> 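Got a structure for you, written out below as structure tokens; questions coming shortly.
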Amino acid sequence: MLWPASEHTQSLHGCHHGCGDSLSGMESQASAVFFTGIWHWTLMIVAMMFPLLKEPLAYTLSRYPSHQGYKAMVWFLLGYCTPWLILGLLLQALMMLLPLLMPSEENSFAVELYTFLPVAGFAIAASWVWSPWRRRASQACSRTIPMRIQGWYAVRDCLHYGHLSGIACVRNCWPPMMALVMAQHNMLLMFIVTLLLIYERTFLTYKSHTLGYAWACLAVVFFVQATTNI
């Protein structure tokens with residue numbers, strides 16, 4: 001993932017700083033960055049969210065005979081990725097619309113706006129952890145459903161269970177993932193966020209607010225970086 005993340009960062013910088021170019025050239029570049037961003041979003045979901053799926057994957061595997069188990073997990077993962085892909089499309093479209101809506105004479109303002117986007121993203125993530133809605137979303141991550149093992153019903157139940165698990169994860173983790181998009185898929189930041197999510201899933205209860213303080217600290221770090229140009 002190191003190569004595409006670096007390429008994506010360069011493309012976004014080129015798009016942000018190229019707001020004064022011709023409209024057709026800017027639209028062409030924005031379109032290329034959009035589809036590249038969707039691919040990188042998919043890689044990020046696979047790298048960061050799949051390690052958190054130990055329990056639902058184990059549950060899926062336990063519902064089926066050995067010769068069906070791994071196929072069932074593949075169907076589960078396909079269903080799981082669907083809500084994340086929809087969210088990625090919406091976020092990437094939003095990120096691409098922002099520079100396109102900025103007039104050329106306000107190019108410096110657009111660049112400054114993008115500098116502060118990660119601050120807003122992690123501040124929203126911290127607020128979400130501290131809200132009562134996030135507690136209910138965390139509880140939904142542990143829910144299971146009955147799963148049949150015959151024919152099309154087996155495939156449908158695997159897809160359905162994966163889709164429900166994906167929706168629960170989107171509800172639970174959408175703010176930090178949005179912040180990573182705003183930070184242009186920074187690899188070091190992705191690694192830190194992944195470790196924090198694994199730590200929460202492994203050691204913290206759904207009532208814990210500890211992760212909110214971690215997101216708040218990252219928001220402060222990005223704020224200091226944006227204001228001091230470090």
Side-chain angles (χ1 to χ4, degrees), residues 1-6 8-9 37-64 69-89 91-92 118 121-122 124-126 128-129 134-145 147 158-215 217-218:
M1 290 181 65
L2 289 170
W3 172 74
S6 175
H8 181 53
T9 300
I38 294 301
W39 170 241
H40 296 160
W41 167 266
T42 304
L43 289 177
M44 185 173 72
I45 294 304
V46 170
M48 296 183 63
M49 293 291 106
F50 280 20
L52 303 177
L53 297 177
K54 179 181 178 180
E55 292 181 5
L57 282 176
Y59 175 78
T60 302
L61 187 62
S62 70
R63 298 298 96 186
Y64 294 89
Y70 292 103
K71 291 181 181 179
M73 289 197 298
V74 171
W75 290 117
F76 169 87
L77 291 173
L78 288 175
Y80 175 85
C81 289
T82 303
W84 281 113
L85 182 58
I86 294 173
L87 177 63
L89 289 169
L91 289 176
Q92 194 64 31
F122 282 107
I124 292 172
W128 176 245
V129 172
R134 206 264 186 170
R135 181 181 299 181
R136 290 194 286 270
S138 297
Q139 289 177 295
C141 289
S142 301
R143 292 174 183 168
T144 59
I145 64 170
M147 301 176 72
C158 289
L159 288 170
H160 181 54
Y161 180 42
H163 184 71
L164 292 178
S165 297
I167 291 175
C169 282
V170 167
R171 290 175 57 200
N172 200 39
C173 296
W174 67 268
M177 303 304 284
M178 177 185 68
L180 287 173
V181 173
M182 293 176 173
Q184 302 174 9
H185 302 278
N186 181 280
M187 288 299 296
L188 176 60
L189 187 62
M190 287 170 59
F191 182 70
I192 293 172
V193 171
T194 302
L195 289 181
L196 289 170
L197 290 175
I198 292 175
Y199 175 79
E200 182 196 34
R201 182 66 61 88
T202 306
F203 298 106
L204 302 179
T205 68
Y206 70 91
K207 295 181 179 180
S208 175
H209 291 169
T210 302
L211 198 63
Y213 297 106
W215 301 148
C217 288
L218 287 175

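Note that this is a predicted model, so its numbers are computed, not measured.
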> Does some side-chain heavy atom of Trp215 sit less than 4.5 Å from a side-chain heavy atom of Ile124?
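Not in contact.
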
> Is any NZ, NE, NH1 or NH2 atom of the basic residue among Glu55 and Arg143 found under 4.0 Å from an Asp or Glu carboxylate oxygen of the other?
no

> Flag the pair Trp128 / Cys173 as yes when at least one side-chain heavy-atom distance between them is below 4.5 Å, and no otherwise.
no

> How long is the gap from SG on Cys141 to CD1 on Ile167, to the nearest 0.5 Å?
11.5 Å

> Once you round to the nearest 0.5 Å, how far does CD of Gln139 lie from CG of Asn172?
10.5 Å

> How many angstroms lie between atom NE2 of His40 and atom CD of Gln92, to the nearest 0.5 angstrom?
9.5 Å

> Please examine the side chains of Met44 and Met49, heavy atoms only from C-beta on, and report whether any two atoms are closer than 4.5 Å.
no

> Minimum heavy-atom separation for Leu52 to Arg201, with atom names?
O-NH1, 2.8 Å

> With a 4.5 Å limit on heavy-atom distance, are the side chains of Trp174 and Leu91 in contact?
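SC-SC contact between Trp174 and Leu91 ruled out.
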
> Check step by step if side-chain contact (heavy atoms from CB on, under 4.5 Å) holds for Tyr199 and Leu195.
CA-CA 6 Å; Tyr199 175 79; Leu195 289 181; over 6 Å; no

> For the aromatic rings, using the six-membered ring if either is Trp, is the centroid distance between Tyr70 and Tyr64 under 6.0 Å?
no

> May I ask you to test the Thr194-Ile198 pair for a side-chain heavy-atom distance under 4.5 Å?
yes

> For Thr60 and Met73, which heavy atoms make the closest approach, and how far apart are they?
CG2-N, 4.1 Å

> Which atom pair, heavy atoms only, marks the closest approach of Pro118 to Ala183?
CG-CA, 3.9 Å

> Report the C-alpha distance between Phe50 and Cys81 in whole Å, list the side-chain angles of each, state the deciding distance to 0.1 Å, and finish with yes or no for side-chain contact (heavy atoms from CB on, under 4.5 Å).
CA-CA 10 Å; Phe50 280 20; Cys81 289; 3.7 Å; yes

> Just verifying a value: how many Å separate Cys169 SG and Leu197 CG, rounded to the nearest 0.5 Å?
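If I round to the nearest 0.5 Å, the distance is 9.5 Å.
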
> Return the CD1 to CE distance between Ile145 and Met147, rounded to the nearest 0.5 Å.
5.5 Å

> For a 4.5 angstrom cut-off between non-hydrogen side-chain atoms, does Leu57 reach Leu77?
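Yes; the side chains approach each other to less than 4.5 Å.
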
> Which pair of non-hydrogen atoms, one from Phe76 and one from Pro56, has the smallest distance, and what is that distance?
CZ-CB, 3.6 Å

> Evaluate Leu159 against Thr82 for side-chain contact (heavy atoms from CB on, under 4.5 Å), listing each step before the verdict.
CA-CA 10 Å; Leu159 288 170; Thr82 303; over 6 Å; no

> Mind checking the OG1-NZ spacing from Thr202 to Lys54? Nearest 0.5 Å is all I need.
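If I round to the nearest 0.5 Å, the distance is 8.0 Å.
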
> Which pair of non-hydrogen atoms, one from Ser208 and one from Val129, has the smallest distance, and what is that distance?
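Closest approach of Ser208 to Val129, heavy atoms only: O-CG1, 4.2 Å.
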
> Counting heavy atoms not belonging to Trp84, are there more than 12 under 6.0 Å from its CH2?
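Counting neighbours around CH2 of Trp84, more than 12 heavy atoms of other residues, nucleotides or ligands fall under 6.0 Å, so yes.
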
> Does the ring pair (Phe, Tyr, Trp, His ring centres under 6.0 Å) test come out yes or no for Tyr161 and Tyr80, once each step is laid out?
CA-CA 8 Å; Tyr161 180 42; Tyr80 175 85; 9.9 Å; no

> Between Ala214 and Leu196, which heavy-atom pair has the shortest distance, and what is it?
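That would be CB-CD1, 3.9 Å.
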
> For the residue pair Met177 and Met48, establish whether any side-chain heavy-atom pair is separated by less than 4.5 Å.
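Answer yes - side chains close enough.
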
> Test side-chain contact (heavy atoms from CB on, under 4.5 Å) on His209 and Arg135 and set out the steps.
CA-CA 9 Å; His209 291 169; Arg135 181 181 299 181; 4.2 Å; yes

> Can you find a heavy atom in the side chain of Ile86 that is under 4.5 Å from one in the side chain of Val170?
no

